[in-house]
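One structure below.
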Amino acid sequence: MQGYFLDGLKTIVYLIPLGYLIIRGKRLKLKYFWLLFSGLLLLFLGHLLDFFDEFGYVFPLQDFFEDVVGFTLGFTLLILAIYLEFQKK
């Protein structure tokens with residue numbers, strides 16, 4: 001039961017800023033919007049795959065997509081977007 005709750009909570013943690021970015025994206029006037037959006041989306045999808053893994057929905061290469069594409073590439077894009085957006089000129 002605890003695995004379902006924690007994985008579901010982690011999924012929601014990435015869904016909230018992703019939804020905010022989708023709704024308020026143009027008003028935020030971010031230069032690297034698509035980079036930030038891609039990073040949050042990959043993190044959300046990685047955690048969503050992790051959540052579905054708790055229910056037994058397993059498909060080939062799930063661990064690769066969950067860990068490498070979702071978490072590693074997602075964090076890389078997110079950190080790169082934050083760095084590029086807020087660096088001093």
Side-chain angles (χ1 to χ4, degrees):
M1 180 67 185
Q2 186 178 4
Y4 300 114
F5 177 73
L6 290 178
D7 288 341
L9 186 62
K10 287 187 282 187
T11 303
I12 291 171
V13 164
Y14 287 106
L15 181 64
I16 291 170
L18 182 63
Y20 181 78
L21 193 64
I22 291 170
I23 293 170
R24 305 266 321 218
K26 290 188 179 189
R27 290 185 212 148
L28 294 174
K29 297 179 183 174
L30 298 171
K31 290 190 294 186
Y32 298 97
F33 171 81
W34 290 109
L35 200 59
L36 187 64
F37 176 78
S38 300
L40 283 172
L41 182 66
L42 285 175
L43 282 168
F44 169 71
L45 291 176
H47 283 290
L48 190 64
L49 284 174
D50 191 27
F51 180 68
F52 284 146
D53 188 31
E54 294 291 329
F55 293 104
Y57 298 121
V58 179
F59 60 91
L61 298 174
Q62 178 177 354
D63 288 333
F64 173 76
F65 285 114
E66 180 183 320
D67 295 335
V68 176
V69 176
F71 299 149
T72 306
L73 187 60
F75 271 120
T76 303
L77 290 176
L78 181 68
I79 295 301
L80 183 64
I82 291 171
Y83 173 76
L84 291 173
E85 192 68 44
F86 295 109
Q87 74 179 355
K88 294 190 179 205
K89 298 181 181 192

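None of these values were measured; they are calculated from a predicted model.
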side-chain contact (heavy atoms from CB on, under 4.5 Å), paired with Phe65, selected from Leu42, Leu45, Leu49
Leu49
Looking at Phe55, I want to see if its CZ is surrounded by more than 12 non-hydrogen atoms of other residues, nucleotides or ligands under 6.0 Å.
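Enclosed.
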With rounding to the nearest 0.5 angstrom, report the [atom1] to [atom2] distance, [X] to [Y].
X: Leu80; Y: Leu84; atom1: CG; atom2: CG; result: 4.5 Å
X: Leu35; Y: Leu40; atom1: CG; atom2: CG; result: 10.0 Å
X: Glu66; Y: Asp53; atom1: CD; atom2: CG; result: 6.0 Å
X: Leu77; Y: Ile82; atom1: CG; atom2: CD1; result: 11.0 Å
X: Leu48; Y: Leu15; atom1: CG; atom2: CG; result: 9.0 Å

Hey, are the side chains of [X] and [Y] touching, using non-hydrogen atoms and a 4.5 Å cut-off?
X: Val68; Y: Leu73; answer: no
X: Asp67; Y: Thr72; answer: no
X: Tyr20; Y: Leu28; answer: yes

Connected via hydrophobic side-chain network under 4.5 Å: [X] and [Y]:
X: Phe44; Y: Tyr4; value: yes
X: Phe51; Y: Phe75; value: yes
X: Leu18; Y: Val13; value: no
X: Trp34; Y: Phe86; value: yes
X: Phe59; Y: Phe64; value: yes

Could you walk me through whether Asp7 and Phe52 pass the side-chain contact (heavy atoms from CB on, under 4.5 Å) test, one step at a time?
CA-CA 9 Å; Asp7 288 341; Phe52 284 146; over 6 Å; no
According to side-chain hydrogen bond (donor to acceptor under 3.5 Å, both in side chains), who are the partners of Asp50, at least two apart in sequence or on a separate chain?
none
Minimum heavy-atom separation for Tyr32 and Ala81, please, with both atom names.
O-CB, 4.3 Å
How close do Glu85 and Lys29 get, counting heavy atoms only, and between which atoms?
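Closest pair (atom of Glu85, atom of Lys29, distance): OE2-O, 4.5 Å.
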Is the ring pair Phe71/His47 parallel, tilted or perpendicular, if the boundaries are 30 and 60 degrees?
tilted
Pair Leu30, Leu21 - check side-chain contact (heavy atoms from CB on, under 4.5 Å), show working.
CA-CA 10 Å; Leu30 298 171; Leu21 193 64; 3.8 Å; yes
